[in-house]
There are 4 protein chains.
Amino acid sequence: MESGTAHRGNRHGRSEEARQAVLEAADDLLAERGFAGVTIEGIAARAGVAKQTIYRWWPSKVDVLLEAFTEDMAQHLTPEDHGDLGTDLRAHLARLAEFLTQSDPGAVFRALTGQAQHDPQLATRLRDDHLSAQRDRDRIPLLRAIERGELPGDLDVDVALDHLVGPVHYRVLVTGAPVPRAFTDDLVAAFLHRHQQHDQH
Amino acid sequence: MESGTAHRGNRHGRSEEARQAVLEAADDLLAERGFAGVTIEGIAARAGVAKQTIYRWWPSKVDVLLEAFTEDMAQHLTPEDHGDLGTDLRAHLARLAEFLTQSDPGAVFRALTGQAQHDPQLATRLRDDHLSAQRDRDRIPLLRAIERGELPGDLDVDVALDHLVGPVHYRVLVTGAPVPRAFTDDLVAAFLHRHQQHDQH
Amino acid sequence: MESGTAHRGNRHGRSEEARQAVLEAADDLLAERGFAGVTIEGIAARAGVAKQTIYRWWPSKVDVLLEAFTEDMAQHLTPEDHGDLGTDLRAHLARLAEFLTQSDPGAVFRALTGQAQHDPQLATRLRDDHLSAQRDRDRIPLLRAIERGELPGDLDVDVALDHLVGPVHYRVLVTGAPVPRAFTDDLVAAFLHRHQQHDQH
Amino acid sequence: MESGTAHRGNRHGRSEEARQAVLEAADDLLAERGFAGVTIEGIAARAGVAKQTIYRWWPSKVDVLLEAFTEDMAQHLTPEDHGDLGTDLRAHLARLAEFLTQSDPGAVFRALTGQAQHDPQLATRLRDDHLSAQRDRDRIPLLRAIERGELPGDLDVDVALDHLVGPVHYRVLVTGAPVPRAFTDDLVAAFLHRHQQHDQH
DNA sequence: TGCTAAGCGAGACGGTACGTCACGTCTTGCG
DNA sequence: CGCAAGACGTGACGTACCGTCTCGCTTAGCA
């Protein structure tokens with residue numbers, strides 16, 4: 001885009017080159033030195049970019065991380081359709097656990113969620129711009145199951161979601177315990193046991 | 001002990017007066033200005049204490065908050081015994097929700113948990129020194145129920161706990177959604193439905 | 001040069017405005033509160049300048065004073081030519097005494113010379129960068145007199161200078177005795193008596 | 001004195017042991033790290049003495065150094081009587097030069113004189129308590145010469161002294177030039193040339 | 001084909017907080 | 001009652017980043 005040519009200084013708007021360098025530098029610094037080690041000065045130095053260029057396009061360092069984060073999130077965590085609620089949920093929760101505990105964008109998510117505890121504005125932005133989209137994706141298997149008649153039509157989908165993904169986030173953010181497949185499968189089992197007992201077998 | 005006399009600087013060690021002033025100042029600053037507004041300089045100024053006195057006894061501001069937090073936590077969140085699992089759990093989860101969302105030490109907990117996402121050492125300390133004690137308290141109603149025969153002896157208590165308190169923490173730390181009594185009661189209902197089905201109806 | 005425009009922070013380097021404010025503040029503080037009262041923090045506060053700006057350009061407070069001193073010194077203490085050795089020397093020594101005991105830059109000189117007793121590096125710098133230039137100026141009347149034939153060509157000019165200015169510095173730095181015109185005139189008389197005895201009477 | 005027994009804590013007055021340890025520690029620190037490296041805390045630590053013990057007996061670190069200095073000074077620099085003014089003066093100035101440039105107490109003298117440029121109170125104390133005694137000793141050869149008739153009775157002895165010792169101090173404190181025997185002998189020669197010309201032949 | 005305006009790198013600036021050092025005062029318990 | 005020990009309030013140190021600013025270079029699109 002932008003005609004594709006690299007350039008330093010022009011009148012066509014921002015340099016895509018600089019933007020990418022900033023996002024990568026921020027990601028790298030987070031991985032290498034943790035959240036506190038991400039500083040505007042550090043990003044600028046590592047990206048070979050002027051501080052002013054960062055301030056021109058991002059209000060703060062969390063915004064840089066948010067943008068870096070956004071690019072990666074949707075690819076992961078879009079649930080597939082296996083035609084069966086239990087299979088869908090087991091697969092999705094397992095992917096969620098792996099995303100949160102293993103992936104680089106998962107690390108960014110944890111850092112941003114941590115920072116959001118200190119910064120209500122960030123919390124709001126994180127929820128509105130990013131988590132709500134993810135919640136929408138999370139909802140898909142349940143809505144499909146309702147359509148299929150596997151779940152009652154009056155199910156409170158949001159509460160159901162909290163029961164399913166809540167314990168996973170709790171382990172990741174609070175106890176630090178691992179989130180093995182057995183744990184996520186058991187969550188799904190509990191959920192199905194409650195809401196599908198009469199339909200089962 | 002020590003006959004209770006206040007003293008400022010002597011060979012018996014630290015001034016209890018200064019210690020209390022620091023802890024209170026840190027708590028107040030967290031409540032008023034958030035985690036970023038808690039500063040060693042700010043604590044010192046508000047507590048009427050020298051910076052050096054803080055550095056003498058606490059390695060960092062999170063250690064001050066941790067100590068302040070410890071003093072408050074146990075009082076809250078020790079579950080009572082109503083002789084009935086459902087009643088115990090409903091009461092305990094409601095108290096937990098209220099602690100996390102309404103109380104001052106709950107705010108400290110959220111801040112420390114947030115910071116722990118950036119600082120693995122803090123995460124470890126928080127879990128080992130504080131959360132594990134709370135987990136032990138959380139376990140009490142379940143263990144009592146097992147003794148009473150209300151729950152099967154082979155129940156995985158830790159997993160059960162994650163199912164119960166996980167969604168509450170998830171709402172508090174991630175979605176920011178409120179945690180009303182209906183939500184916690186429903187968590188308990190789901191739990192009882194699964195593990196006490198034979199006794200029900 | 002540079003068209004003389006003031007500027008605060010740009011790639012051409014430092015702000016002349018800030019530089020002047022720092023030098024003046026340092027001078028003022030020395031005059032008002034003495035050497036111990038000259039503080040980087042104090043200079044910064046009085047000059048309305050950030051501490052970092054001082055550290056960026058001067059390694060220590062003595063360097064600030066040295067620079068402030070340099071600006072003032074040459075104006076004073078450049079000997080005039082009266083065409084006569086005795087007149088030249090009497091005028092020059094009187095000016096020196098007045099400079100050392102009465103003037104602000106004289107106070108800076110005393111402070112720096114005092115500090116140089118504690119700091120050999122400063123001593124070297126003070127001698128090489130500043131005192132040697134002054135010694136060169138001091139030498140002028142003697143060299144002119146040699147050219148005129150008033151003094152023998154083989155006179156050891158450096159030793160002669162020590163005889164002339166040494167007692168003045170001694171009173172200023174050590175005994176604290178006043179240095180009246182009679183004292184400096186007498187020094188000149190002693191000097192002329194020794195080296196011009198054939199011309200006398 | 002003090003009954004001679006070493007003691008830690010008693011009611012017989014101060015501990016001579018502690019006093020000596022403090023003076024030695026101060027001297028050592030001055031030699032090893034310079035004036036800025038002499039701190040009350042450092043003296044206390046090295047002497048194995050409590051800070052309070054130092055503050056009890058000395059108002060400041062310069063007082064410690066002053067006391068250490070006093071013990072050494074008189075031994076040096078008491079002029080001998082050779083029966084001849086020129087011999088007396090040449091010997092005395094040579095001893096003075098050696099004291100100032102080579103000896104440990106000479107280093108203390110330079111440090112204290114340096115500090116006196118920043119601290120008028122110290123300057124006064126230094127002059128009244130120490131330099132005036134030395135001036136008295138310096139005067140002896142001249143007074144003896146006046147008695148012997150080698151010098152006129154109306155000689156201004158103080159001015160004469162300044163002419164003799166001033167250039168030596170100037171080299172030591174200001175230019176840092178060496179003070180060889182030739183320099184001091186020449187000072188004496190100049191002095192004798194002026195005041196004894198009629199007696200010479 | 002030069003003019004001109006926007007994005008860029010560089011980096012100085014006024015600030016705030018950091019964590020350290022030494023100050024001089026104090027309070028205690030031992031000898 | 002002098003002493004060792006050492007905690008205390010105070011204030012300056014020198015450093016790291018913050019977010020703002022000014023500058024000169026580079027480059028495209030317009031004149």
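Throughout, protein chains are lettered first and strands after them, A, B, ... in sequence-line order, and every chain is numbered starting at 1.
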Of F:dC3, E:dC8, F:dA7, the nucleotide closest to the side chain of D:R56 is F:dC3
Verdict with supporting geometry, D:L66 and D:D129, side chain to side chain contact (heavy atoms under 4.5 Å, CB included)
CA-CA 10 Å; D:L66 266 177; D:D129 299 357; 5.8 Å; no
Can you see whether B:W57 has B:R19 sitting over its ring - NZ or CZ less than 6.0 Å from the centre and within 45° of the normal?
no
Under a 4.0 Å heavy-atom criterion, the protein footprint on nucleotides 18-25 of chain E, written with B, S and -, is BBBBSBBB
Between CD1 of D:I43 and OG1 of D:T53, what distance do you get to the nearest 0.5 Å?
12.5 Å
Can you tell me how far P of F:dC21 sits from CD of C:E17, to the nearest Å?
16 Å
Smallest separation among heavy atoms of B:R125 and B:H130, with atom names
O-CD2, 3.9 Å
Can you tell me how far C1' of E:dA17 sits from CD1 of B:I54, to the nearest Å?
13 Å
Please report, rounded to the nearest Å, how far the P atom of F:dC23 is from the CD atom of C:E16.
15 Å
Nucleotide of E:dG9, E:dC13, E:dC8 approaching A:A50 most closely (side-chain heavy atoms):
E:dG9
Would you indicate which nucleotide in F:dC8, F:dT10, E:dG14 comes nearest to any side-chain atom of C:V49?
E:dG14
Would you give the length of the straight line joining atom CZ of A:R33 to atom CZ of A:F35, rounded to the nearest 0.5 angstrom?
14.5 Å
Which whole-number value in Å describes the distance from C:I43 CD1 to F:dC13 C1'?
13 Å
Closest approach of B:A26 to B:V64 (non-hydrogen atoms, all atoms of both residues)
CB-CG1, 3.6 Å
Would you mind telling me which of E:dC13, F:dC8, E:dC8 lies closest to the side-chain atoms of B:R14?
F:dC8
I want to check one thing: is the phosphate of F:dG6, taken as OP1 and OP2, less than 4.0 Å away from some side-chain N or O of B:W57?
no
If only side-chain N and O atoms of A:T53 are considered, is one of them under 4.0 Å from the OP1 or OP2 phosphate oxygen of E:dG9?
yes
Atom CD of A:Q20 and atom P of E:dG7: how far apart are they, to the nearest Å?
19 Å
For A:K61 and A:V38, indicate whether the former's side chain and the latter's backbone hold a donor-acceptor pair under 3.5 Å.
yes
